[in-house]
Structures are given as C-alpha cells and as structure tokens.
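Structure record follows, encoded as structure tokens.
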2 protein chains.
Amino acid sequence: MNVEQAKAKFIQSWGTFGSEWGINRTMAQIHALLLISPVALSTEEIMAELSVSRGNANMNLRSLMDWGIVFKELVPGERKEYFVAEKDIMKVARQISRERRKRELEPVLGILSEIATINPGTSKEGIELKKVAGNIHEVALRVDDVLDKFSRSDENWFYKMVLQLMK
Amino acid sequence: MNVEQAKAKFIQSWGTFGSEWGINRTMAQIHALLLISPVALSTEEIMAELSVSRGNANMNLRSLMDWGIVFKELVPGERKEYFVAEKDIMKVARQISRERRKRELEPVLGILSEIATINPGTSKEGIELKKVAGNIHEVALRVDDVLDKFSRSDENWFYKMVLQLMK
DNA sequence: TAAAAGTTTCAGAAATAATTGAAAGTTTGA
DNA sequence: TCAAACTTTCAATTATTTCTGAAACTTTTA
C-alpha cells in the first residue's frame, strides 16, 4: 500500500466509522483529511480533494468548528480562510465526549429522571416503567459522571484509568 | 405526567437517542417498549403499539436478537412467538459494547494498524499520515481494551471503576 | 465607494435509509 | 397430507438526510 492509497483508505474508513456512530460521512471525511494534512487547508482544497460542493464543505466545516475539533487559521497576507484540525487525539476524544454528553446524554437524563419520579399507580405497566426508567437513569448518571471526568481530565487520566483496570 | 404519557415519552426519547447513535428509530422503540413491558409481547402487539408493519417489526426484532438484547419466549400451549428484552441495564450495556466493539471498532483497528505501518517515504504527507494513524491506533487499542474488559466484567466492575475515578 | 474576493445560506435535487405489504416459506396438528 | 397459523423475505414506496449550486451577504482593498 502506497501513501496515496493509505490516505484514501484512511479518509474513507473514518467516514464509514463516523456514520456508524451518527456523524455524517462528509463531516468525518473532512475531519480525516485535516487530521492527516501537515498544513492548513482552504475550502477550495477540501472541495477538490473530496469532490464536494462549496455549500457542503462550508456547512460541515462549521459543524466541525462547533464541535471544537477544527479551527480557522489565518495565514498572514492571505484573504482566504484556512482550516486545521486538533491533532492531539486524546484532546479530540475528550472534546467529542464533552459535546455528545452535553447535546445527547443530558437531555435524556432529564427525561429519565422525570419518568423515574412519576406516580406509577397500581398497574404492572406503571410499576415496571418506573423501575426500568429508574435503573437506566442510575446507570446513565454514572456514565455522565465518567464522561464529565474524562472530558475534564488531563492528558494522562485515561492511561491511568486503563492501568487501574489492567490490575 | 400520567403513566401513559410517561410511557410514550420514554419510547420516543429512546428512539431519538438511539438514532443519534446510529441505531434506527424503530429498533430503539421496540427495544424501549419491551424494556418497560412487564410481560412478553407478540409481533402483533408490537405492531399495534408502535403502528409499524409486520415486516418492519419482524426485521427489527431479528436485529435486536442479533444484538443479544431481546429474546424469544415460548408461551406453553401457544403457537405464536413472544419477545422479551433483557432487563438488567448493565447487561444490556455490556452486550451493546461487546457488539459494537466487534462490528465497528475491530475493523477500524485493522485498517489503522495497516496504515500505521506503511513506508511513509520522504513527503510530509506520508509522514503526517503515518504519525496520525499511529496515534489514533494507539488510543483505539486502549479503548478496545477497556470495552473488552467492560463487556466481560461482572455486575460490579463498572461501579468499582466509577468509585476509583471519584477518588 | 465600488468591485473584487471570499463566505454563508437555503430551496430544490439527489442519495440513502427505513418501511410497507403482499407473496413465499415454514411449522404444526388433525 | 393438507390447510391453518404463523414467520420471513423483498421489490416497490415513502421518509429522511445529505448535498448542490446559485444568490445573497460580508469583508477587503484600490
């Protein structure tokens, strides 16, 4: 496998992996492209490299910036905007867990706790619903805690945890 | 909020949450319905409750069984098949991480290690690609390890881990 | 201040994913 | 063995998501 093939494979795999986890393919591919690029890229370069339209490139770049894993970089003397990805993979992982926690887990936590506190009445349905929602809420709260810890952690926290678990 | 409202809210939230994480909405809703049902349900009951077709119900039930979080239950004297969900939420979480690890993480690990071992040549592109793929591979291997540990762990492992992290 | 350079938006088009429903297939029991 | 009861499959349809491209908007510079 040569460098060109490896690059194509990396971008396409990252796209597939992303879409299996609810991230759109182009967004994941732009991220992949920026991750492996040694220099900042312009919208035009991204459009050309991935064969996507300006609108698509622009919207997904904005999303990536909203997620806090891609940044604008101003090249002195240039009008055009250039983009770079955060290269520290642990930082990227922490940032993604921070965002998904905030956007997706927190809202569900609210609903679960609401359901877990209903008056279940006397029906088996009500009792089971309350019980299950309570159980899920409990687990979800702990996941939330772990993600919070992780997203705030320093560079070595994760490795320390892995070591702990190896014992 | 009464029991009926809470039930509807639970099913719909679980559907939304699932689809944010790459699981189709109906599949997540069937799972939700079975989770909170105190008794095993037939395909007909699921179709009626969620207003979905027989084909849809059947395919998603099969998927849920492939994931190992829903099971057929044979009611003595009945021809019809009934379905129940695994109710232990930690078991469900472990089973889902086991499956996603196997289906989605492992294939990417293979590709990353392939890319991380290319001959990068002398170009900056090749060198950066190899470096980034290597870094991601390293982190992904550790995630893989943690998921493996988690999916094999006993009921209390997760709570012990959380306690460790609280210190 | 005007036009060139660049960015953003968004309605419609295209691509992808999910769903239906009816036909084919399977199992059971008389 | 056959038909009733039930399950599975899949081609066609429908819904959802993503993408395009051109127009509107913003910023810069001459």
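Letters A, B, ... are given to chains in the order of the sequence lines, protein chains preceding strands, and every chain is numbered from 1.
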Out of [options], which has the shortest distance to the side chain of [X]?
| X | options | answer |
| --- | --- | --- |
| A/Asn60 | D/dC19, D/dT7, C/dT28 | D/dC19 |
| A/Lys72 | C/dT8, D/dT27, C/dT19 | C/dT8 |
| A/Glu81 | C/dT19, C/dT27, C/dT8 | C/dT8 |
| B/Thr26 | D/dT7, C/dT19, D/dG21 | C/dT19 |
| A/Arg25 | C/dT16, C/dA18, D/dT8 | C/dT16 |

(message) Within the structure provided, determine whether A/Lys7 and A/Phe10 are in side-chain contact (heavy-atom separation under 4.5 Å).
(response) no
(message) Are B/Glu49 and B/Glu45 packed together at the side-chain level, in the sense that at least one heavy-atom pair is separated by less than 4.5 angstrom?
(response) no
Nearest-angstrom distance from the residue atom [atom1] of [X] to [atom2] of [N]:
| X | N | atom1 | atom2 | result |
| --- | --- | --- | --- | --- |
| A/Arg54 | D/dC19 | CZ | P | 16 Å |
| A/Met47 | D/dA22 | CE | P | 12 Å |
| A/Arg79 | C/dT7 | CZ | P | 8 Å |
| B/Leu50 | C/dA18 | CG | P | 16 Å |
| A/Ile46 | C/dT7 | CD1 | P | 11 Å |
| B/Gln29 | C/dT19 | CD | C1' | 13 Å |
| A/Glu78 | C/dA5 | CD | P | 13 Å |

[N] phosphate, OP1 or OP2: any side-chain N/O from [X] under 4.0 angstrom?
| X | N | value |
| --- | --- | --- |
| B/Asn24 | C/dT19 | yes |
| B/Thr43 | D/dC6 | no |
| A/Asn58 | C/dT7 | no |

(message) Over all strands shown, is B/Ser63 touching base, sugar-phosphate only, or nothing at heavy-atom distances under 4.0 angstrom?
(response)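 It contacts nothing in the nucleic acid.
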(message) Does B/Arg62 reach a base, just sugar-phosphate, or nothing at all? Heavy atoms under 4.0 Å.
(response)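 Touches sugar-phosphate only.
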(message) Under the salt bridge (Lys or Arg N to Asp or Glu O under 4.0 Å) test against A/Lys102, which residue among A/Glu99, A/Glu104, A/Glu106 passes?
(response) A/Glu99
(message) Can you work out whether A/Gly55 or B/Asn56 has the more 5'-proximal nearest nucleotide on DNA chain D?
(response)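 On the 5' side of the pair lies B/Asn56.
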(message) Nearest heavy atom decides the nucleotide; on that basis, is A/Ser19 or A/Glu44 closer to the 5' end of DNA chain C?
(response) A/Glu44
(request) Locate the shortest heavy-atom distance separating A/Leu35 from B/Glu128; write the atom from each residue and the value. (result) O-OE2, 4.0 Å
(message) Regarding A/Arg103 and B/Glu20, does a basic nitrogen lie under 4.0 Å from an acidic carboxylate oxygen?
(response)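 Judged by the 4.0 Å cut-off on N to carboxylate O distance, A/Arg103 and B/Glu20 do not form a salt bridge.
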